[in-house]
Protein chains: 2
Amino acid sequence: MYRLCHPGDGEEAPDLPHGIVKRKRTLKRGETLYRAGEPFRNVYAIRYGSVKTSLVTDDGRVQVTGFHIAGELLGLSAIVTGRYNCEAKALEAAGVCEVRFDQFGELSRQLPSLQYQMLQIMSQELLHNQELMLLLGKKNAKERLATYLLNLSQRFEKRACSYTRFNLTMSRSDIGNYLGLAEETVCRIFSLFHEEGLVTTRSRQIQLNDLDRLKAIARG
Amino acid sequence: MYRLCHPGDGEEAPDLPHGIVKRKRTLKRGETLYRAGEPFRNVYAIRYGSVKTSLVTDDGRVQVTGFHIAGELLGLSAIVTGRYNCEAKALEAAGVCEVRFDQFGELSRQLPSLQYQMLQIMSQELLHNQELMLLLGKKNAKERLATYLLNLSQRFEKRACSYTRFNLTMSRSDIGNYLGLAEETVCRIFSLFHEEGLVTTRSRQIQLNDLDRLKAIARG
DNA sequence: CGTTCACTTGAAAGTGTTCAATTACTGTGG
DNA sequence: CCACAGTAATTGAACACTTTCAAGTGAACG
């Protein structure tokens, strides 16, 4: 299957036809890939590292709309308005492929599977969004955090990483702003889970000790 | 511009090439279009009426993920898994066009603009989802309801309906389950807005009396 | 080694929920 | 057209959960 960009650190040749404008770009921790309001020119495929996307209200409240890792595509919600509606910021050192969106028509003529792939990717994102809505609308703090940890775990599992022990690249505050909770609440629930033996946390290093019990808490 | 299906009641011919399987279907109020878990075969374009989509947890909590009206497309989040992940139910008498998804590849070969259209539609939905996440994650009850009313108003405005006076086709409970609030809270805020002269409500008939003040409340 | 930022914990205060009771609709059949 | 039944909407009061504010601890980095 063709891909817009291979995940991974290496310098392997991308498996796209030649002549497609595709620029690699690296980001330092905290660096911004695009900001809300900027004209939409590119979508970005993450090669490595992690990126958060977030919306900000005029009075400064932040909603993190997603944490994205290698293989994921950023910027798709900007297609319809022609401007990015959120901002994307690297959580750690990251690498992305920049793909000019105005070449997508041409691109998908050369690669008919690309069209199908885009549908898949966007559908996946819609699905994910809906699950997040359920979480934000209907779950309490414990359920939210448990759901979140299991979700991370699954994503790591797919990528052949340890799914019981990993590093959180995002701060407690980021997690709170993603889950619709105050930073302090996130801390409290972490402590609670720790006390109950569900997880072991040492700052951003986390280990899940009882996936089943976490699943029972996460429900939904 | 070609469309999958014309909104409207009429029997006007759809502007699609002949030979595309496209069945019209009508729904009574409360009737289900598809359920979560069913195999994904069709996407549905709403011709008239309104449809809600919702997720349900095993313990019965409901999250309404959207209220959809004429011109909108349903079922897109099912592409990736091959099963509908939510259920779609008519809020009032409604008509839809059923479009077999396995013919989409063929279809977009005949109608190159369809591909672009799909991207637009899905991007629009992603955008809408993100706004809803901001609402669910960061706004208080008043802000949520104000945002909701203004959103409805805008949608009616686009469709050349009155944007200050309209009928809610959904129950208070549906609104609550969409906004992440209890039904009772929705009632209370309606009453509050009523007292303050912002809106006039008579059961499901609503009139917005002060858009500016509503906007000030909705913020974000 | 001190400064800064992130994280943690406690106590008080809100905000929205839950449960219960009441009132208003809607639609149906007599 | 009215009465009735069933559903939807509203309101009140007590309660629960999360937030806010404040203080303190810990880790990272120059």
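Just so it is clear: chains get the letters A, B, ... in the order the sequence lines come, proteins before strands, and each one is counted from 1.
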Between B/Gln63 and B/Asn177: side-chain donor-acceptor atoms closer than 3.5 Å: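 No donor-acceptor contact under 3.5 Å links the two side chains.
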Exercise: do B/Ser77 and A/Ser123 side chains pair donor with acceptor under 3.5 Å: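 Judged by distance alone, the side chains do not pair up.
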Could you check whether [X] pairs with [Y] (Lys NZ or Arg NE/NH1/NH2 to Asp/Glu carboxylate O, under 4.0 Å)?
| X | Y | result |
| --- | --- | --- |
| B/Arg188 | B/Glu183 | no |
| A/Glu92 | A/Arg29 | no |
| A/Arg219 | B/Asp59 | yes |
| B/Glu131 | B/Lys139 | no |

side-chain N/O B/Arg204 vs C/dT26 OP1/OP2, d < 4.0 Å: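 For B/Arg204, the contact criterion (side-chain N or O under 4.0 Å from OP1 or OP2 of C/dT26) is not met.
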Polar side-chain atom of B/Glu31 near backbone of B/Lys28 as donor-acceptor pair, under 3.5 Å: yes
For the pair made of [atom1] in [X] and [atom2] in [N], what is the distance, rounded to whole Å?
| X | N | atom1 | atom2 | value |
| --- | --- | --- | --- | --- |
| B/Leu136 | C/dG16 | CG | P | 13 Å |
| B/Met170 | D/dT7 | CE | C1' | 18 Å |
| A/Arg61 | D/dT20 | CZ | C1' | 15 Å |
| A/Lys142 | D/dT19 | NZ | C1' | 17 Å |
| A/Lys139 | C/dG16 | NZ | P | 22 Å |
| B/Leu145 | D/dT10 | CG | P | 11 Å |
| B/Gln205 | C/dA24 | CD | P | 19 Å |
| B/Asn140 | D/dT20 | CG | C1' | 15 Å |

Strand-adjacent residues in residues 172-197 of chain A, judged by heavy atoms under 4.0 Å from DNA chain D: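 Residues of residues 172-197 of chain A under 4.0 Å from DNA chain D: A/Gly180, A/Leu181, A/Ala182, A/Glu184, A/Thr185, A/Arg188.
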Ring center gap for B/Phe156 and B/Tyr163 short of 6.0 angstrom: no
Taking side chain to side chain contact (heavy atoms under 4.5 Å, CB included) as the definition, give me every residue that meets it alongside [X], ordered by chain and number, with sequence neighbours left out.
| X | value |
| --- | --- |
| A/Arg165 | A/Ser162, A/Gln205, A/Gln207 |
| A/Phe190 | A/Leu145, A/Leu149, A/Leu168, A/Arg172, A/Ile175, A/Val186, A/Thr201, A/Ile206 |
| A/Glu72 | A/His68, A/Ile69, A/Arg155 |

Terminal helix-axis angle for the helix from C/dC1-D/dG30 to C/dG30-D/dC1, with five pairs defining each axis and rounding to 10 degrees: 40°
Protein proximity profile, nucleotides 25-30 of chain D - base contact B, sugar-phosphate-only contact S, no contact -, cut-off 4.0 Å on heavy atoms: ------
